[in-house]
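The block underneath contains the structure these notes are about, expressed in structure tokens.
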Amino acid sequence: MVEGIILAGGYSSRAKQNKMLLRFNDKPLIFHTVMSLLPFVNHLIVVTGHYDKDIRQALSSFSQVEIVHNENYDKGMFSSILCGIKNVHSDILILPGDCPFVEKKTIEVLLNGKGDIRIPTFKNEHGHPIYICRELVEELKKES
């Protein structure tokens with residue numbers, strides 16, 4: 001099986017408000033992001049940062065989601081990846097929290113593909129989520 005990491009630690013400075021809590025169909029975007037990964041993972045971690053309390057509250061109905069706070073969120077997205085992988089032990093899917101509508105087929109293609117790192121591509125543009133094999137996750141852990 002695969003584990004999932006959703007990155008939700010940023011400032012949302014360009015949006016001038018917490019993007020994760022913007023509403024779509026009466027639910028925050030982070031809710032939809034969680035729902036897109038849950039069917040495919042045996043463990044889902046949401047890494048928070050600047051808006052930790054608000055995101056925890058928004059996801060309080062998900063008992064199966066582990067929420068971890070990245071104390072170093074001001075150092076950027078890679079610091080949140082390092083924070084999220086501390087307790088994973090398998091292949092992972094990494095998805096930014098503001099990418100709520102990943103198609104099921106995209107995830108299935110990633111999971112059934114080949115290669116240690118798999119990135120969906122559409123019209124020569126790279127997208128999300130990113131798949132990383134367990135062996136490389138172990139190498140990443142050495143960076144923290």
Side-chain angles (χ1 to χ4, degrees), residues 1-12 14-15 17-73 75-141 143-144:
M1 196 72 176
V2 67
E3 298 180 71
I5 297 173
I6 294 176
L7 305 172
Y11 292 99
S12 300
R14 288 176 294 175
Q17 61 181 310
N18 185 351
K19 288 187 292 186
M20 303 304 150
L21 300 186
L22 293 174
R23 312 283 294 177
F24 180 80
N25 285 342
D26 202 35
K27 301 280 187 203
L29 287 183
I30 190 75
F31 176 92
H32 297 285
T33 306
V34 166
M35 291 301 293
S36 71
L37 276 189
L38 266 181
F40 299 97
V41 299
N42 62 338
H43 180 216
L44 182 59
I45 299 168
V46 174
V47 181
T48 66
H50 185 69
Y51 294 105
D52 177 66
K53 181 180 173 186
D54 298 331
I55 292 170
R56 284 179 187 276
Q57 185 175 4
L59 298 178
S60 63
S61 64
F62 289 102
S63 61
Q64 69 274 44
V65 173
E66 178 183 358
I67 300 174
V68 296
H69 181 250
N70 175 14
E71 297 286 337
N72 298 311
Y73 64 89
K75 298 206 183 323
M77 192 180 292
F78 189 63
S79 72
S80 288
I81 292 170
L82 294 178
C83 182
I85 65 171
K86 285 180 182 174
N87 293 314
V88 300
H89 305 287
S90 62
D91 302 342
I92 59 172
L93 290 169
I94 300 174
L95 183 61
D98 61 355
C99 294
F101 304 114
V102 176
E103 292 186 16
K104 177 181 173 183
K105 180 176 172 126
T106 300
I107 297 172
E108 289 171 346
V109 167
L110 287 173
L111 293 176
N112 294 316
K114 295 199 184 312
D116 293 343
I117 298 175
R118 304 173 199 157
I119 302 169
T121 304
F122 180 73
K123 294 185 179 181
N124 295 319
E125 294 289 326
H126 297 303
H128 297 286
I130 296 171
Y131 170 95
I132 302 174
C133 74
R134 180 182 54 79
E135 292 80 15
L136 291 180
V137 170
E138 295 304 318
E139 288 298 313
L140 281 172
K141 287 180 181 181
E143 295 296 319
S144 53

Roughly how far apart are [X] [atom1] and [Y] [atom2], rounded to 0.5 Å?
X	Y	atom1	atom2	answer
Glu143	Ile85	CD	CD1	9.0 Å
Leu29	Asp98	CG	CG	7.5 Å
Lys104	Thr106	NZ	OG1	12.0 Å
Leu21	Asp54	CG	CG	5.5 Å
Ile81	Ile130	CD1	CD1	7.0 Å
Ile5	Cys83	CD1	SG	9.0 Å

Heavy-atom pair with the smallest gap, counting every atom of [X] and [Y]:
X	Y	answer
Val2	Phe40	CG1-O, 3.1 Å
Arg56	Ile67	NH2-O, 3.5 Å
Pro129	Ile107	CG-CG1, 4.2 Å
Ala8	Ile30	CB-CD1, 4.0 Å
Tyr73	Ser79	CA-OG, 4.0 Å
Gly97	Ile6	CA-CG2, 3.6 Å

Are [X] and [Y] side-chain neighbours, meaning at least one heavy-atom pair lies under 4.5 Å?
X	Y	result
Leu93	Leu111	yes
Pro28	Arg23	yes
Leu7	Asn70	no

Mind checking what makes ring-ring contact (aromatic ring centres under 6.0 Å, His included) contact with Phe31, not counting sequence neighbours?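 Phe31: ring-ring contact (aromatic ring centres under 6.0 Å, His included) contacts with Phe62.
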Is any side-chain N of the basic residue among Glu138 and Lys141 closer than 4.0 Å to the acidic one's carboxylate O?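 Yes, Glu138 and Lys141 are salt-bridged.
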Restricting to pairs with a member in residues 94-123, which pass ring pair (Phe, Tyr, Trp, His ring centres under 6.0 Å), not counting sequence neighbours?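 Counting only pairs at least two positions apart or across chains, the ring pair (Phe, Tyr, Trp, His ring centres under 6.0 Å) contacts touching residues 94-123 are Phe24-Phe101, His32-Phe101.
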Test side chain to side chain donor-acceptor pair (under 3.5 Å) applied to Glu3 and His89, Arg134, His43, the passing residue: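 Answer after filtering His89, Arg134, His43: His43.
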Can you confirm whether Glu135 is buried at CD, in the sense that more than 12 heavy atoms of other residues, nucleotides or ligands lie under 6.0 Å from that atom?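 Yes, enclosed.
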Would the number of heavy atoms belonging to other residues, nucleotides or ligands and lying under 6.0 Å from CD of Gln57 be above 12?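 No, not enclosed.
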Backbone N or O of [Y] within a donor-acceptor pair of the [X] side chain at under 3.5 Å?
X	Y	value
His50	Gly9	no
Asp52	Thr48	no
Arg118	Leu110	yes
Asn18	Met20	yes

